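Note: hydrogens, waters and symmetry copies are ignored here, and every other heavy atom, side chains too, is used. Everything quoted here is computed from the prediction, not taken from an experiment.
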Amino acid sequence: MGGAIDKEAQKYVAKMLQEILKKALGALKEKISKMSLDEFPYVFKESIMELVGKEEKEKNRVFCGGKFNINLQDNEEYFNLGVDLYFKNTEDKWIKLSSASEWIPLVRLNKSASAELQSKKTVTFDISK
């Protein structure tokens with residue numbers, strides 16, 4: 001989906017998404033080793049949807065969907081979480097807003113989740129209302 005990029009909104013949303021990811025990851029410190037990869041998007045969904053609602057209301061945009069990604073670093077020692085959100089503005093142009101967490105040591109995942117991510121390299125989940 002190509003489209004217009006609102007640099008100011010991109011910076012703001014990137015910062016907000018990073019804060020969401022950082023806060024949730026901090027709260028998950030001990031639980032992360034017990035989670036499956038499928039559980040990650042649910043931990044972040046409420047905060048992401050709050051941000052989507054704010055973006056729709058303040059910028060008069062329509063949320064069309066998004067992606068929550070868990071990405072393995074090339075050296076396979078770290079992973080990160082990424083979010084891509086897609087909106088349409090009042091001129092019917094696509095707006096993509098994205099952000100990613102800092103790299104997290106892969107050893108923080110349990111063996112099953114780590115093996116799945118090493119096998120797939122990227123695991124993607126849809127975000128919808």
Hits for side-chain hydrogen bond (donor to acceptor under 3.5 Å, both in side chains) against Glu76, two or more places apart or cross-chain, chain-then-number order -> Lys121

* To do: Give a yes or no on this: more than 12 heavy atoms of other residues, nucleotides or ligands lie within 6.0 Å of atom CZ of Phe125.
  => yes

Less than 4.5 Å apart, any side-chain heavy atom of Arg61 and any of Leu97?
-> yes

By side-chain hydrogen bond (donor to acceptor under 3.5 Å, both in side chains), Glu77 pairs with (sequence neighbours left out) none

One should read off an interatomic distance between Ile70 CD1 and Thr124 OG1, to the nearest 0.5 angstrom, of 8.5 Å

Hits for salt bridge (Lys or Arg N to Asp or Glu O under 4.0 Å) against Lys57, two or more places apart or cross-chain, chain-then-number order -> none

Hits for side-chain hydrogen bond (donor to acceptor under 3.5 Å, both in side chains) against Asp126, two or more places apart or cross-chain, chain-then-number order -> Lys67

**OP:** State whether the side chain of Asn110 and the backbone N or O of Met35 hold a donor-acceptor pair below 3.5 Å, judged by distance alone.
**Re:** yes

To the nearest 0.5 Å, atom CG of Asn69 lies from atom CD1 of Ile127 at 8.0 Å

The complete set of ring-ring contact (aromatic ring centres under 6.0 Å, His included) pairs with one or both residues in residues 46-74, sequence neighbours excluded, reads Phe44-Phe68, Phe63-Phe87

### Message
If you count heavy atoms of other groups shown closer than 6.0 angstrom to CG of Asn75, is the number above 12?
### Response
yes

d(Ser99 OG, Asn80 CG) to nearest 0.5 Å is 9.5 Å

Residue Gln73 excluded, over 12 heavy atoms near CD under 6.0 Å: yes

Lys45 meets the side-chain hydrogen bond (donor to acceptor under 3.5 Å, both in side chains) criterion, sequence neighbours left out, with none

Problem - Leu106 side chain near Gln118 side chain, heavy-atom distance below 4.5 Å - result: yes

Here the gap from Leu109 atom CG to Leu72 atom CG, rounded to the nearest 0.5 Å, amounts to 9.5 Å

- prompt: Looking only at atom types and distance, does a side-chain atom of Asn89 sit under 3.5 Å from a main-chain N or O of Glu91, one as donor and one as acceptor?
  reply: yes

Does the side chain to side chain donor-acceptor pair (under 3.5 Å) test come out yes or no for Asp84 and Ser98, once each step is laid out? CA-CA 4 Å; Asp84 299 316; Ser98 301; 2.7 Å; yes

Same apolar cluster: Leu81 and Tyr78, side chain cutoff 4.5 Å: no

Q. Is there a side-chain contact between Glu55 and Leu51 (heavy atoms, below 4.5 Å)?
A. no

Nearest heavy-atom approach of Phe79 to Pro105 is CE2-O, 3.6 Å

